[in-house]
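The next block holds one structure in the form of structure tokens; read it before the comments.
All values below come from the heavy atoms of this structure, side chains included, with hydrogens, waters and symmetry mates left out. Numbering of ligands and ligand atoms starts at 1, following listing order. Since the model is a prediction, treat every value here as computed from it, not as a measurement.
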Amino acid sequence: MPALHSMRLVAQVLTLSGKVAQRHAADHQPQRAVCRQPARQHHRLRALTAQSSAPSASTTGSGAATTQSPEIEAAEVEAAAADARQNGSPSFSNMKVYGLQEENWEKAALSIVVVGASGDLAKKKIFPSLFALYYENMLPQNFKVYGYARSKMNDEEFRDLIAGSLTCRLNDAGDCGKKMDEFLERCFYQAGQYASEDDFAALDKRMADGESEQSCADRMFYLSIPPNIFTTVAACASKAASSKCGWTRMIVEKPFGKDSESFQELSAALYEHLREDQIYRIDHYLGKELIENLTVLRFANLVFEPLWSRQYIRNVQVIFSENFGTEGRGGYFDQYGIVRDVIQNHLLQILALFAMEQPASLDAEDIRNEKVKVLKSMGQVRLEDMVLGQYRSRTTRGTTLPGYLDDDTVPPNSITPTFAACSVFINNARWDGVPFLLKAGKALANKAAEIRVQFRHVPGNLYRNKLGLDLDKATNELVIRVQPNEGIYLKVNNKVPGLGLRIDTTRLDLTYKSKYQATLPDAYERLILDCINGDRRLFIRNDELEVAWEKFTPVLKEIEDRGVQPELYPYGSRGPVGAHYLAAKHGVRWGDLAADDE
Ligand code: NDP
Ligand code: BG6
């Protein structure tokens with residue numbers, strides 16, 4: 001290793017070990033929780049949220065390197081990676097996981113507990129993501145995975161259960177089968193009740209046995225369970241199975257309540273057992289590649305930021321659609337509906353990242369402070385600015401696609417919306433008067449998630465008479481295609497090559513699969529890794545949710561109190577007609593429904 005490089009690395013290690021030590025010291029505060037302990041007063045929440053807004057140590061290593069020139073930093077990255085390749089030591093990216101502390105990396109022990117391990121999400125997303133991280137050497141050397149649920153299983157049966165969902169999709173170097181076996185050997189199962197401290201104590205003992213060779217083990221719990229048992233599990237796990245010397249963190253899945261009141265209760269109950277810095281509230285849309293890229297696109301390019309305001313942007317659309325119904329999840333879905341399931345969290349989080357001001361730094365608290373500010377500036381969501389729909393069955397070519405009410409787990413006369421669109425305004429200097437249109441629906445014509453930025457018409461356009469009568473068609477539109485076929489494209493007007501002057505609208509296109517070879521990591525991989533790394537940038541802070549619920553609770557209550565009937569739309573269609581009127585009310589059109597956007 002070149003001397004200069006070694007010295008810098010040592011300096012970074014020293015700086016970061018200080019930061020990590022501080023973080024560990026904070027994480028080790030003893031817990032006072034008891035299972036089923038009653039929730040305290042809600043007013044504690046604000047104080048805790050305020051505390052959590054204080055800047056925290058970054059553990060990614062980039063903070064320590066900020067005084068270097070990009071060239072030196074890049075050279076060091078390459079040198080570290082080359083060194084790692086040559087000596088078989090952990091790769092640079094692995095070392096980043098534990099803050100560049102090679103020594104720690106080797107000693108680090110991590111027990112990962114998936115609570116609700118027998119469930120759908122665990123099988124579909126969590127175990128495959130853990131395997132993908134293992135395959136990519138992103139987990140610390142001494143990690144073990146423990147499944148916890150009530151179902152009776154032994155380790156072998158548990159391994160069989162999860163083996164079926166592991167895939168070798170990630171850059172398979174031919175050793176995937178071997179890696180899978182190695183991964184499964186590190187997976188164990190502990191059956192237990194969610195409200196039993198004794199059962200969690202048994203899990204603790206099991207983990208302690210597995211960790212005994214290590215000096216100190218951290219513990220990460222993923223609560224992949226129904227929301228009504230979140231706090232019971234948080235209480236039992238923190239009381240009986242917290243790490244004794246390392247950190248203890250809990251990833252909590254949505255839904256975070258159903259309205260402001262239930263959210264406050266859930267929060268207060270979680271705070272009985274955990275500090276804000278131990279709670280990782282997951283919104284998996286924040287872990288999607290294109291959503292993480294939003295801030296890069298805005299703040300690392302000169303061309304976009306000056307256009308990012310009411311001066312040039314006519315409207316912004318955040319669109320989610322699925323080409324399948326609630327199949328299998330109707331029971332859960334019916335209690336929530338599409339507004340709570342997708343709009344109030346996934347789409348609102350995207351809106352916040354899209355519209356926020358530039359944060360003071362990339363520190364989690366700086367970013368989340370800006371998100372909260374923009375959400376606070378958002379007006380209330382109003383019923384008159386909302387369209388609700390529910391899919392009905394449809395028969396095409398002899399095949400009947402079931403309606404929402406045909407789902408056995410859905411009550412027969414349910415009026416729960418499976419589609420919703422709404423418009424909101426952000427009342428600040430940047431966005432005043434710009435409609436933000438949010439739309440989400442199940443059982444539509446296609447599966448997509450995208451952000452569409454429609455720009456204003458070109459003033460005094462010299463080519464107006466060449467663009468046809470419909471100027472909307474010739475308006476610049478920036479599309480950030482979150483999924484599928486991830487990409488970014490900008491619709492521009494261009495002269496058709498050849499004699500004469502004909503103009504058409506075409507695309508400047510950055511389609512990821514054409515540009516980048518690598519398989520994109522699943523959102524859950526990124527988020528689990530961030531939790532291990534103590535990076536909370538892509539997790540939701542309590543006060544973000546507080547504001548998000550404040551904006552949606554009144555309208556949700558009004559919909560329920562008035563028993564608003566959703567407009568029916570056929571399975572596989574483009575949704576209720578009312579959505580077109582909503583856009584028209586603001587003088588715009590849905591970009592995803594434009595004929596030229598196929
Ligand atoms: P499941 O309904 O599959 O539940 C997970 C496990 O919890 C089950 O295997 C079961 O394990 C236990 N469980 C189920 N119902 C109850 C109950 N009433 N009381 C006590 N234990 C129960 O949930 P998912 O895996 O689908 O989801 C887990 C969490 O993630 C939920 O909060 C969900 O909202 C959220 N989520 C799920 C998504 C998905 O795609 N599935 C997407 C986004 C979020 P056992 O009986 O063995 O104890
Ligand atoms: C979940 C919702 O949060 O996101 C589901 O509860 C929805 O209803 C899912 O299907 C969509 O996630 P993705 O990553 O498949 O777009």
Sole candidate of Ile291, Thr295, Val296 that passes side chain to side chain contact (heavy atoms under 4.5 Å, CB included) when paired with Asn293:
Val296
Is the gap between the ring centers of Phe158 and Phe188 under 6.0 Å?
no
Numbered atoms of ligand 1 (with element) below 4.0 Å of [X], judged on heavy atoms:
X: Ala149; value: 47 (O), 48 (O)
X: Ser151; value: 45 (P), 46 (O), 47 (O)
X: Pro255; value: 34 (O)
X: Ile229; value: 20 (C), 21 (N)
X: Lys124; value: 39 (C), 40 (O), 41 (N)

Option set [options], criterion heavy-atom distance to [atom], minimum:
atom: atom 7 (C) of ligand 2; options: Glu322, Lys447, Lys125; value: Glu322
atom: atom 36 (N) of ligand 1; options: His284, Arg329, Gln193; value: Arg329
atom: atom 3 (O) of ligand 2; options: Arg329, His346, Glu253, Lys124; value: His346

With ring-ring contact (aromatic ring centres under 6.0 Å, His included) as the test, would you mind laying out the steps for Tyr336 and Tyr332 before giving the verdict?
CA-CA 7 Å; Tyr336 289 88; Tyr332 151 80; 5.0 Å; yes
Please write down residue, atom name and distance for the protein heavy atom closest to atom 12 (O) of ligand 2.
His284 NE2, 3.0 Å
Nearest protein heavy atom to atom 48 (O) of ligand 1, by residue and atom, and its distance?
Tyr194 OH, 2.6 Å
If you measure from the Lys or Arg side-chain nitrogens to the Asp or Glu carboxylate oxygens, is any gap between Lys439 and Asp592 under 4.0 Å?
yes
Is the cationic atom of Lys254 (NZ for Lys, CZ for Arg) positioned less than 6.0 Å from the six-membered ring centroid of Phe256 and within 45 degrees of its normal?
no
Check for me whether Phe333 has a heavy atom closer than 4.0 Å to any atom of ligand 2.
no
Any N or O on Asp120 sitting closer than 3.5 Å to an N or O of ligand 1?
yes
Cys531 side chain reached by Phe539 side chain, heavy atoms, under 4.5 Å:
yes
Given the options Lys144, Glu211, Arg206, Ser111 meets side chain to side chain donor-acceptor pair (under 3.5 Å) only with Glu211
